[in-house]
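Index from 1, following the sequence. Computed from a predicted model, the values in this text were never measured in an experiment.
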Amino acid sequence: MRDGGKNHPLPQAAGAARLASLLASRSGVGRLRGRLAHPAATRSGCAGPSFAAPPACGRGLLLFAALLLTAPAHADTLVDNVNGITLDADGKLVRFTGLVIGPDGKVKQLLDRRDKRPERPDFKEDGKGRTLIPGLIDAHGHVMGLGFSLMLLDLSDTNSLEEAQAAIRAYAAENPEMPWIIGRGWNQEKWGLGRFPTSADLDAAVADRPVWLERVDGHAGWANSAAMTAAKVTAASKSPEGGRIETTAGKPSGVFVDAAMGLIDNAKPKPLARDRDRALLLAQAKLLEQGITAITDMGTTIEEWQSFRRAGDRKQLAIRILSYGGDIDNMAIIAGGEPTPWLYDDRLRMVGVKLYLDGALGSRGAWLKAPYADAPGQKGLPLLTPAQLRNKMVRASMDKFQVAIHAIGDAANAEALAAIADLDADLPGNRRWRIEHAQVIDPADIGRFAELKVVASMQPVHQTSDRTMAEARLGPDRLKGAYAWRSLATSRARLAFGSDVPVESANPFAGLAVAISRTDEKGQPFGGWRPEEAVSREAALDGFTRTAAYAAFAEDRLGTLMPGMRADFLIVGEDPMLASPEAIRRMVPLETWIGGYRYYKKGD
């Protein structure tokens, strides 16, 4: 096997010993010394609150570090006795029972039962009849957001305002030396609150220092009075373009939507480089555990890119990261005049740029053609003018960067498609436009995705999380184009699937289950929500593998297990082409392999 003794992943070992000591030492836990991380980390060796320690901490993270120890050069490996599944280049299902991996970490041969096995492979793994599938690719996520969510206060599991207040109060008591309490994950819809929370609600939990908490979707923030004072926000403060300060009786209520979040963000402490590096290690360990072998990082900043590069230079980059710069400035400063080459043995590349056209449904920032059903005076927030959007698209495209446009509301999707139609014929090369989320589409616009060859980059788990909220926000008449996966697929549009982690869990098996069933973890609603929009099992797997790679110009090396492709794969306990949606949702990787090496084994 390639994960034992001298045969650990990542042949180049420089920096591995340093990583192991970093994770074990008091100085390496990423404490911000009064900035962001948790002081109890010096006791536990793991950043995060002691009352809710992140699962990728302690022993698990130390084992992840151990995986980066010295290894020899690649050699031939045979993974045999498996129920192998992959899609070929045309999306057809291929089954096999053995996999030969060459010295370059690529698939050399797929074997069926009748094929002769290599007589003397350098390494041999007995799959024991278990199922082998391609490594799953998250087509839209936020790597550092995941890492920091494992280090800071996380409210995503709270079910009421009172639960959230108790968690905030407890976290503050555990962290008396932190000048700011920073976290994320609140959701007033899940709480059944019927309104946004207020600064007074937050003051009731913590009033003696600033508190700043991002909403679960990252498109709104919740501040207490001390945070607004630190940011010099007053009744005279004006909502910036593309943002909204929520008010009560003419005064800021404590919630800041989209661009208005910058008013508080600019005042809070900034993480140090070592804290970002710690967050990246935590994120990688979690993704490996969940079966993600590659992720499209949407909105990469220069500071995040520098952390990716430091990890690559130190031989600490395991996950493949397909990066899209956060707007034009980050794109240009990171990559210069063209997309970067593949770096670190195909583990990192800046492919394009992400542009925000609107906000999210939960904060009523998604840009709709007609007013919100539950807020008749609001249509959402266009974050760019038509001229700004087109100028940015041209700027990126002329330098061969791929453009990915965040568009959730039907007005935003219509505007994104209109801009693509205006520019496509006059721009050089294969643009392969992407629209991120594409959650609410006017049915009249669905066919335009295929017509303009636009990739619909969607997140199945959003449908189950958003279902009741979407019904309230949109009303029954606009639901036909909401989360319309099969309609898009039937029109011959390409669907790439992801999670939007940390907005949702990166668990791809939950995404696969939702894609084929339109039901949540409780099997609700019975029969599925708008079940006519469910996709086939093959289409769901394609969205998390072949088309997820295609969406990022990586189809020449990632997304399938056909000969010549990178040997990224998972060993799982059941066949996702046969298992029930409930069984698929419960699946966990037993092993995660990247480039022909095993990086994760359940129970180790």
### Message
I'd like to know if the side chain of Ser253 and the backbone of Glu246 have a donor-acceptor N/O pair within less than 3.5 Å.
### Response
yes
### Message
Tell me whether Arg432 forms a cation-pi arrangement with Phe553, defined as NZ or CZ under 6.0 Å from the six-membered ring centre and within 45 degrees of its axis.
### Response
yes
### Message
Within this structure, what is the CG-CD distance for the pair Asp217 and Glu504, rounded to the nearest 0.5 Å?
### Response
10.0 Å
### Message
Are Lys480 and Arg530 packed together at the side-chain level, in the sense that at least one heavy-atom pair is separated by less than 4.5 angstrom?
### Response
yes
### Summary
Output for pair (Lys354 NZ, Tyr324 OH), nearest 0.5 Å, gives 12.0 Å
### Query
Is the count of non-hydrogen atoms from other residues, nucleotides or ligands lying under 6.0 Å from Arg492 atom CZ greater than 12?
no
#### Entry: Close side-chain approach of Trp433 to Phe449, heavy-atom, < 4.5 Å
no
### Message
Quick check against the 3.5 Å criterion: does Gln388 have a side-chain atom that pairs as donor or acceptor with the backbone of Thr385?
### Response
yes
### Task
Answer yes if the side chains of Trp191 and Asn159 hold a donor-acceptor pair under 3.5 Å, and no otherwise.
no
#### Entry: Salt-bridge present (Asp88, Lys92; N to O < 4.0 Å)
no
### Query
Between Asp520 and Thr464, does any side-chain donor sit less than 3.5 Å from a side-chain acceptor?
no
## Note on the structure
Closest non-hydrogen contact found for Met228 with Pro252 is SD-CB, 3.9 Å
### Contact check, side chains of Leu452 and Leu417, non-hydrogen atoms, under 4.5 Å
yes
### Query
Taking the side chain from Gln188 and the backbone from Gly194, do they hold a donor-acceptor pair closer than 3.5 Å?
no
### Message
I need the minimum non-hydrogen distance between Val216 and Arg184, along with the two atoms involved.
### Response
O-NH2, 2.6 Å
#### Entry: Heavy-atom donor-acceptor pair, Asp203 side chain to Asn224 backbone, under 3.5 Å
no
### Query
Does Arg585 reach the side chain of Phe509, with side-chain heavy atoms less than 4.5 Å apart?
no
### Sidechain N-carboxylate O distance under 4.0 Å for Glu574, Arg130
no
#### Entry: Over all atoms of both residues, closest heavy-atom pair of Pro589 and Tyr600
O-CE2, 3.5 Å
#### Entry: Heavy-atom closest contact (Ile446 atom, Ser487 atom, distance)
CG2-O, 3.8 Å
### Query
Below 4.5 Å, heavy atoms only, C-beta onward: do Thr293 and Ile319 meet side chain to side chain?
no
### Query
Roughly how far apart are Lys369 NZ and Glu415 CD, rounded to 0.5 Å?
10.5 Å
### Query
Ignoring hydrogens and geometry, is there a side-chain-to-backbone donor-acceptor pair from Glu289 to Ala285 under 3.5 Å?
no
### Task
Mind running side chain to side chain contact (heavy atoms under 4.5 Å, CB included) on Val403 and Ile405 for me, showing each step along the way?
CA-CA 6 Å; Val403 174; Ile405 304 172; 3.7 Å; yes
### Backbone of Trp367 reached by a side-chain donor or acceptor of Asp358 within 3.5 Å
yes
### Message
For Phe148 and Ile182: C-alpha separation, side-chain torsions, deciding distance, then whether side chain to side chain contact (heavy atoms under 4.5 Å, CB included) applies.
### Response
CA-CA 10 Å; Phe148 278 115; Ile182 298 173; over 6 Å; no
### Task
Output, in order, the C-alpha distance, side-chain angles, deciding distance and verdict of ring-ring contact (aromatic ring centres under 6.0 Å, His included) for His219 and His406.
CA-CA 12 Å; His219 286 270; His406 168 115; 5.0 Å; yes
### Query
For Ala283 and Leu146, which heavy atoms make the closest approach, and how far apart are they?
O-CD2, 3.8 Å
### Query
From Asp500 CG over to Ser465 OG, what is the distance, rounded to the nearest 0.5 angstrom?
10.5 Å
#### Entry: Heavy-atom check, side chain of Asp374 versus side chain of Arg364, under 4.5 Å
yes
#### Entry: Aromatic plane relationship, Trp485 with Phe497 - under 30° parallel, 30 to 60° tilted, over 60° perpendicular
perpendicular
#### Entry: Sidechain-backbone polar pair: Asn413 side chain, Val440 backbone, donor-acceptor under 3.5 Å
yes
### Summary
Shortest non-hydrogen pair, Pro460 vs Gly511, comes out as CB-O, 3.5 Å
### Message
Between Tyr171 (side chain only) and Asp154 (backbone N and O only), is there a donor and an acceptor less than 3.5 Å apart?
### Response
no
#### Entry: Gap between atom NE2 of His142 and atom OG of Ser499 - 0.5 Å precision
8.0 Å
### Task
Take Ser517 and Glu582 through the test side chain to side chain donor-acceptor pair (under 3.5 Å) and record every step on the way to the result.
CA-CA 9 Å; Ser517 71; Glu582 294 77 15; over 6 Å; no
### Message
Among Arg195, Arg215, Arg473, Arg467, exactly one meets salt bridge (charged side-chain N to carboxylate O under 4.0 Å, His left out) together with Glu189. Which residue is that?
### Response
Arg473
### Query
Could Asp258 and Arg244 be called an ion pair, given the rule that one side-chain N must be under 4.0 Å from one carboxylate O?
no
### Query
Any side-chain heavy atom of Val257 sitting closer than 4.5 Å to one from Val255?
yes
### Message
If only side-chain N and O atoms count, and only distance matters, is there a donor-acceptor pair under 3.5 Å linking Tyr483 with Asp466?
### Response
yes
#### Entry: Stepwise side chain to side chain contact (heavy atoms under 4.5 Å, CB included) test for Thr519 and Gln524
CA-CA 5 Å; Thr519 59; Gln524 295 298 317; over 6 Å; no
### Query
Rounded to the nearest 0.5 Å, how far does CG of Leu132 lie from CG of Asn83?
9.0 Å
### Query
Do side-chain atoms of Arg494 reach the backbone of Gly543 as a donor and acceptor pair under 3.5 angstrom?
no
### Query
Is the closest basic N to carboxylate O distance between Asp424 and Arg431 below 4.0 Å?
no
### Message
Between Thr592 (side chain only) and Leu288 (backbone N and O only), is there a donor and an acceptor less than 3.5 Å apart?
### Response
yes
### Query
Under the side chain to side chain contact (heavy atoms under 4.5 Å, CB included) criterion, do Asn507 and Val588 qualify, and how do the steps go?
CA-CA 9 Å; Asn507 177 10; Val588 294; over 6 Å; no
### Whether Phe196 and Trp186 hold their rings parallel, tilted or perpendicular, with breakpoints at 30° and 60°
perpendicular
